[in-house]
Every structure is written in structure tokens, then in C-alpha cells.
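Here the structure is laid out as C-alpha cells; the discussion comes afterwards.
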Amino acid sequence: MSHARLRAAAAAAALALAASVAATTPALATSTAHPAFGQHTTGFAGGSNWGGYVATGSNFQSISGSWTMPQVTCNTGNDLFAPWVGIDGYGSQTVEQTGVQVDCSSGSPALSAWYEMYPAAPVYFNDQVNSGDSFTGSVTTDGSGTYTISLTDNTLGWTESTQQQLNGQDVSAEAVIESPTQSYPSFNQLDFSNVTVNGQSFDAVGPQAIDSGQYTETALQGGSFSIVPSGAAPARHHHATAPLTATPRY
């Protein structure tokens, strides 16, 4: 075979390999300069940097849940928040999580999908994200430090999945909103639905409620609840869990 044909064959093989890698590798963007989403802390206005429901204990092997991204109004360029589902972070130093952030640093809402193996920085997917889209996120572990993280935009039809290694403790599972800048934009309602932990409805593992900033959560029923502005939620039923007040066990 001539040198020209050899070079052409090598180029074709390289292109085929690149296409094969692209087909199995999530579309990723580099992380931004924003503070990382991460573990639970107190002292934020409203009590916590997390708002939603958190189950604590041991041996949390999986969480899955869906939510719909609301229309938001930016109040300041510092507004930043995300709904997400994950394992760890309440009483541990790592978090394995995936969600969709709303960033107001440009003056208008910019949405991005991401996953994070905290304390590493978040990693962003390049897929399109819109207000009003329905998402399903999941985090699963084999119990030996391997985590499979998946995020699907049910509205647009894309799915990203990645497998990562981290020495997590698997001591909590959560479906929450978070603002690492301690500054939320305004929205009327964000709905979580079909949240399951270890294959059971979220309700079955006794999660507790946490308020964050100007937002609170409605009663958890059948793995579903809403995040709404404080004062807009009806009183929780007597069987609903009370907000967490204990200091995290770091």
C-alpha cells in the first residue's frame, strides 16, 4: 500500500475511534468560577443552604427523582441556585449529586445541567436546558466507592450519564434546592416528584424538612412535594416531618 493510502487509512481509523469515544462520553463543559454546590451548612438566611427533604442514616445506595424547572426572576447578579438529588452531604464531607442550576450573573437567568463529586468542582453538560423542562436525576452506588450519575431532560429527550469514584459514606440522601452564593432568584413553585431512595418511596425512609432562604417545602406525599415561597405553603400535616434543627454531624 502506498504512503498516501496508509495515511488515509490511519486518518479514517482515528476518525472512527473519535466517533466511538464521543458516543459513550458525556458532553461536558469546564466548571465555572461559581462557588461549588456541596454539603449541608447552617447559618444561611432561613436556616440552611439546602431546602427540601433529607434522609439520614446509613447505607443509602440510590436516589432518583424528577423536578420541573420554574420560570425565575433575577433579583441581583449574585443569584444562583439549583434543584438537585444526591447522596451524602448531611453529616459527611462528600456529596455525589446532579441537578440544574440557574445563574443570574449575566443579569438574566442562564440554565445549565451538571453533576458534582464534592469537594471537586461541578462539571457541566453542554446540552440545552430551558425553563419549564422536566428533569429526572439519579445517583446510585455499589457501596464500594463507585457512583453512577444520570440526568435526563424528559422534555428535550437527552440523557447524560457518568461513572465516578469517591470515598463516600452513603449516610444521607436528599432532594433539595441550594444556593451556594446564599442568594436566590424569585420563583413561584418548583415541583419534585417520584423521589425514591433504595427503590422505595422517599416517604418510607423518614426524610426531614429543611427550609432555605425565602423558600419552604410542602408536605411530602408519595415521594412528591413542592418548594414554594415561605408563607405560601399550607401547614404540614401532623404526620409530616418537622424541619431539621440539629447541627450537622461533621
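- A heavy-atom distance below 4.5 Å is found between the side chains of Ser183 and Thr76.
- Between the CG atom of Asp153 and the OG1 atom of Thr159 there is a distance of 8.5 Å, given to the nearest 0.5 Å.
- Contact annotation: the side chain of Val195 never approaches that of Ser224 to less than 4.5 Å [non-hydrogen atoms, C-beta and beyond].
- Taking CG of Asp88 as the start and CG of Asp170 as the end, the distance is 5.0 Å to the nearest 0.5 Å.
- Once rounded to the nearest 0.5 Å, the distance linking CD of Gln101 with CD of Glu116 reads 10.0 Å.
- The main-chain N or O of Ser134 is found under 3.5 Å from a side-chain atom of Thr155 such that the two form a donor-acceptor pair.
- Close placement of the Phe225 and Tyr53 rings is indicated, their centers lying within 6.0 Å of each other.
- Contact check for Val100 versus Leu151: side-chain heavy atoms found under the 4.5 Å cut-off.
- Within the 4.5 Å cutoff, no side-chain heavy atoms of Ser105 are placed close to those of Leu80.
- Using modelled atom types, no side-chain atom of Asp103 and backbone atom of Ala110 make a donor-acceptor pair closer than 3.5 Å.
- Smallest separation of non-hydrogen atoms from Ser179 and Tyr184: N-OH, 3.5 Å.
- Not a single ring-ring contact (aromatic ring centres under 6.0 Å, His included) links Tyr147 to another residue, sequence neighbours left out.
- Remark: side-chain polar atoms of Ser112 are not paired, donor with acceptor, to backbone N or O of Tyr124 under 3.5 angstrom.
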- Pair Ser62-Val139, side-chain contact (heavy atoms from CB on, under 4.5 Å): steps then yes or no: CA-CA 6 Å; Ser62 68; Val139 179; over 6 Å; no

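- Around atom CG of Asn188, no more than 12 heavy atoms belonging to other residues, nucleotides or ligands sit under 6.0 Å away.
- Between Ser186 and the options Asp79, Asn75, Thr73, a side-chain hydrogen bond (donor to acceptor under 3.5 Å, both in side chains) holds for only Asn75.
- In this view, Phe187 and Phe81, Tyr215 satisfy the ring-ring contact (aromatic ring centres under 6.0 Å, His included) rule, not counting sequence neighbours.
- Here the side chain of Asn49 pairs a donor or acceptor atom with the backbone of Thr41 at under 3.5 angstrom.
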- Query: So Phe135 and Val129, side-chain contact (heavy atoms from CB on, under 4.5 Å) or not? Walk me through it.
  - Reply: CA-CA 10 Å; Phe135 290 88; Val129 179; 3.5 Å; yes

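- In this structure, Asp127 contributes its side chain and Thr152 its backbone to no donor-acceptor pair below 3.5 Å.
- One finds the CG atom of Asn194 at 13.0 Å from the CZ atom of Phe202 (value rounded to the nearest 0.5 Å).
- Side-chain rings of Trp84 and Tyr115 stay apart, their centers remaining 6.0 Å or farther from each other.
- Between the CG atom of Asn167 and the CE atom of Met117 there is a distance of 10.5 Å, given to the nearest 0.5 Å.
- Between the CG atom in Asp133 and the CH2 atom in Trp67 there is a gap of 11.5 Å [rounded to 0.5 Å].
- Panel note: side chain Thr141, backbone Thr146; a donor-acceptor pair is recorded below 3.5 Å.
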- Message: Apply ring pair (Phe, Tyr, Trp, His ring centres under 6.0 Å) to residues Phe37 and Trp114 and explain how you reach the verdict.
- Response: CA-CA 10 Å; Phe37 298 93; Trp114 56 273; 4.6 Å; yes

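- The shortest distance between side-chain heavy atoms of Glu96 and Gln164 does not fall below 4.5 Å.
- Identified under the disulfide (SG to SG under 2.5 Å) test for residues 64-121, with sequence neighbours left out: Cys74-Cys104.
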